[in-house]
Amino acid sequence: MMQIAAEGLACNRGGREVFCDLHFLVSSGEMLAVTGPNGAGKSSLLRLVAGLVRPCQGRLSLQGGDPELSIGEQAHYVGHQDALKPSLSVQENLAFWSAFLGGNGEIAAPLARVGLGSLAHVPARYLSAGQRRRLSLARLIAVERPIWLLDEPASSLDAAGQRALAELMEAHVARGGLILAAIHGSQPQPAKELKLGGGPGVIGGYMGTIAQEYPA
Amino acid sequence: MMQIAAEGLACNRGGREVFCDLHFLVSSGEMLAVTGPNGAGKSSLLRLVAGLVRPCQGRLSLQGGDPELSIGEQAHYVGHQDALKPSLSVQENLAFWSAFLGGNGEIAAPLARVGLGSLAHVPARYLSAGQRRRLSLARLIAVERPIWLLDEPASSLDAAGQRALAELMEAHVARGGLILAAIHGSQPQPAKELKLGGGPGVIGGYMGTIAQEYPA
Amino acid sequence: MSLIDLANPSRFSAVTARVLPWLIVATILAFAVGGVQTYFAPDDYQQGATVKIMFIHVPAAWLGIAAWGVMSAAALGTLVWRHPLADVAAKAAAPIGAAFTLMCLLTGSLWGRPMWGTYWVWDARLTSVLVLFLLYLGVIALWHTIDDPTLAARAAAVFTLVGAINIPIIKFSVEWWNTLHQGASVFRIGGSAIHPSILVPLIGMLTAFTLLFLTLHLAAMRNEILRRRLRTMLLMKADAAARA
Amino acid sequence: MRPLSALLVRDIRLAVRVGGGALVGVLFFLIVVTLVPFAIGPDLPLLSRIGPAVLWLGALLATLLGLDRLLASDYEDGSLDLLLTGSTPLELAVAIKALAHWLTTAVPLVVAAPLLGLLLNVDLGASWAVSLTLLAGTPALTFIGLIGAALTVALRRGGVLLAVLILPLNIPVLIFGVAASNAATAGTVPFGGAFLILCALSLMSLVVGPVAAAIALRQGLD
Amino acid sequence: MRPLSALLVRDIRLAVRVGGGALVGVLFFLIVVTLVPFAIGPDLPLLSRIGPAVLWLGALLATLLGLDRLLASDYEDGSLDLLLTGSTPLELAVAIKALAHWLTTAVPLVVAAPLLGLLLNVDLGASWAVSLTLLAGTPALTFIGLIGAALTVALRRGGVLLAVLILPLNIPVLIFGVAASNAATAGTVPFGGAFLILCALSLMSLVVGPVAAAIALRQGLD
Ligand code: HEM
Ligand SMILES: Nc1ncnc2c1ncn2[C@@H]1O[C@H](COP(=O)(O)OP(=O)(O)OP(=O)(O)O)[C@@H](O)[C@H]1O
Ligand SMILES: Nc1ncnc2c1ncn2[C@@H]1O[C@H](COP(=O)(O)OP(=O)(O)OP(=O)(O)O)[C@@H](O)[C@H]1O
Ligand SMILES: [Mg+2]
Ligand SMILES: [Mg+2]
């Protein structure tokens, strides 16, 4: 049983305040959908949780989970950029991240799962946008980590890909995983929602209050 | 009255065939929605029309329009990468492309139109994904060109942004413009559809035949 | 049959298969003749027997330069007509040309020891040849670091044409700068300036080396064509596997 | 005209924002010039003899440093695609980019050369001549480098390979540059001849460079 | 252990695929060595005197060339974010990257040095000593360079500015490297002293470099 709790988080980037006084609570088996208009701070929040951006106020705490690892070290971060090297083959790319992030060297299965089995030996340079996205999502399967931080994971995926992704996320949540996903429009599954860009946000019943942002 | 006609187009990339024997006809006032699964060849087709990829067979012809300009030189190409320099400000970025692509130096209005008026002086490095996308779409407004080649233009736009984009495209088509757009899922407006990834494709009644790919 | 038919790779390999044996024989004969002539060529009154190095040095130098010329012609074929055979010709010529250039450098510096008292001087002729050698290495590096052959061919073609500027520099370096290296005396306007007893064997060796180059080049081209066939077959197999 | 000037301004702006302007450039050469005495030991007559050579090597180094990003960055962020959809011929566009690169790397050196010459105790009169040769010769370095930059994009290669392709072509430029400079400093050989050849090389590369680069880029298209 | 070896293999692979392997590296140094005689004029005794210096300058140049991409490319494609979410400390990760850079740039030089020495007519016995000093000293160049690479990412700067930041720090390495080499070739000064200092510099930068780089990267986070 893990829990990520944010108390009064505030984030400044490039000197401008992105959001402030943000409270939320996500526990394993839950998915928190972070929504909001462009520039509301979704990516910033995810990067902040991943430890890639420093909060300028408030604290972010993790109950349960491995105490001597940071949140980021127990999390998968899938951002706007897919960390792929054009001159390495699809398989080499995945194999490296699997080894570096501490997966069990299993590569073929994840590739097949995201539908890149036949392209395993093609240089990543040759991949289409959706194929690149699929490859970076394959990390989620290749390496077992409890927390997923997904920034618009469905972007440039085709219908089939989006369905597969939704299943993947459901399965993870069902397994007791914990997901924070920044999404536009419809979420793939019923989930808590954290609307940004509408003043201070409170979610997840933390401090006993249910915010009006809670999904109707 | 312009017309882009493709006859038996085939495209090879990295030594493997992407699509072959593709026929379509788009004329001004129309929008052709290019759809298909990931890796079907949507982006390849758009790049081919823009003159950024060479067809290995077939021919692409433009009736009407400026005879001594290539299709690419009369077209806006908005690809997966938004050609922005992180160290230039939003305004500098747009101003440069407007000047280079031969627009009338009008910058403020386009920026306001895509909702970046307040960020005009922020370095592009600081933009969020959606803001970057908005900025590269601002080119469409800043420079008047009859042909638009849009590769998943709506990706990482919020709901409002997608609506604005749809209006923009409708207005362009109404003005007698001509759009080829690669899109996933629902098209923003009724349009001819060219499904890729299903063998040779024929569309637009070219050579008298209506293909089964024609939207039912 | 015309040159056009030759331009077809499979036709080309068929023809070369028939021509090559004869070429090999001709080369051997030419070397035999040239060798004998060289043996009986008189020693120079001041250079002594070392003058005989010339009979390797000059042809080697000549072919080192000529090979780049061949590559430049092929480069035009690649860029203008996008002809696969041109790519093959260019790729095959590079290592051979490099070898001849190296031979020229080595024999030259060996000769330089007795003549100039040093193996190497940074004189215009010598350096321009060294540059040629470096350019060869550069092209070879290009060919070997790029996996996609057509891409490599085009890049190498551009590079070859740019590098061709070096050829006149080599040729005329001796006229433009006062070099240690002696000027052209065989090929020059107003007839040759060498005594026939030297000139004849030199011509003999020139023909022999040229024949050798032809033989090696054609053979290398055939191998390259076969190699490409293999590659495409493998690619097609891979795609078929991917489809299934 | 307007597209080209816009491109020029943009590239200069980028170079200044990223590389840090002309002063940093001068500082760079200052460091190079101070490095050499350390490397070869403080021997004034020798220094003054190889002074021009050092400046020329500095110029070569500075040109090489920015080169592999000259077109690669535009390729990676998709700017190159848009440059191709512009109505300006590609040859002109890349020439302008090279010009911007030259203005931001070589010109600071040309200006600072007399000052730097003093550090290498080349006397002032000769220093002027040296910076004149630099002014005449550095364009060749940049525009030959342009070819390499285009090849790196077309081949998706870079780093040392680029240098390996470029440097041999730069050798003649270096020879005549240094020869002309030495002619000016030592006054042994006539200055005019080498200098004229240097100008010829620059003019030639001004034509060959952009054309070859454009061809390479077009060939590399996909 | 596995993460680190994976990172090492991947970076070496990238370097070879992009830069074209050790042979190209050797070719690069061959060219550098041939460049110098043009610059300073064909004067054999002088050449043999400054031969080691030339090799050292070559090493410096090669190190500089790849440096600004060393971390920047990982930053631009988002790899750096993932490197941070790995359980390996950042200090180690960047150290490994620097190691890969050293293996692919400096080692070819170390191996080829005796051969190159001949061209600069440094006699063979001395050449071995020179390549020994290179082996001992080049790590310092790379790991000091690592700091600059991290700064380029943190400050989103690059090009010449990076060189300006790095070179001054490299001067001591260069001094002692050349001193040790000259001691070996000329045999005037004792070889041991300079060589030991060189090793000390390398060891120090092996520690300072990664730590400083990691700090710079963390500061640059946003
Ligand atoms: C490494 C040193 C040397 C190099 C790179 C070199 C290179 C060349 C080249 C490129 C040619 C031109 C061939 C042609 O015009 O097609 C040539 C010709 C020649 N070289 Fe050398 N050479 C070297 C050393 C020497 C030495 C030491 C001698 C003897 C003094 C020598 C004597 C000649 C002669 C007699 C010719 C024929 C010139 C003619 O008749 O055109 N070379 N060499
Ligand atoms: N630069 C390239 N070189 C070689 N092959 C490529 C290149 N780009 C794409 N391909 C291949 O061509 C095919 C089509 O790619 P393309 O980008 O056109 O697909 P797409 O329809 O745009 O897919 P997506 O919906 O993911 O964007 C893919 O299989 C891809 O592997
Ligand atoms: N690296 C950065 N430095 C400074 N400011 C930044 C940076 N990245 C984003 N910002 C600013 O922070 C705000 C939030 O950015 P963020 O990327 O979190 O928005 P977002 O919700 O992800 O938007 P989108 O839906 O477009 O991805 C934006 O106004 C943006 O201008
Ligand atoms: Mg975002
Ligand atoms: Mg696409």
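Below, read A as the first sequence line, B as the second, and so on, with proteins coming before strands; counting in each chain starts at 1.
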Flag yes if more than 12 heavy atoms outside A:Q57 fall under 6.0 Å of its CD atom; otherwise flag no.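 No, because the 6.0 Å sphere around CD of A:Q57 holds 12 heavy atoms or fewer from other groups.
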Does A:E106 CD have over 12 foreign heavy atoms under 6.0 Å away?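 Yes - once you tally the heavy atoms of other residues, nucleotides and ligands closer than 6.0 Å, there are more than 12.
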Contact class of B:S43 relative to chain A, heavy atoms under 4.5 angstrom: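 No part of it gets close to chain A.
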Taking side chain as everything from C-beta outward and backbone as N, CA, C, O, which of these in B:R133 sits under 4.5 Å from a heavy atom of chain A? Side chain, backbone, both or neither.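 Neither part, no heavy atoms under 4.5 Å.
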Among A:E152, A:R13, A:K42, residue most engaged with chain B (heavy-atom pairs, under 4.5 Å):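 Looking at each of A:E152, A:R13, A:K42 in turn, A:E152 comes out on top.
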For A:R125, is it the side chain, the backbone, both, or neither that has a heavy atom closer than 4.5 Å to a heavy atom of chain B?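 When you check distances to chain B, no heavy atom of A:R125 falls under 4.5 Å.
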Do the side chain of B:N38 and the main chain of A:L157 share a donor and acceptor less than 3.5 angstrom apart?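 Checked: no pair found.
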Distance from A:S128 atom OG to B:H80 atom NE2, nearest 0.5 Å?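 A:S128 atom OG to B:H80 atom NE2 measures 7.0 Å (nearest 0.5 Å).
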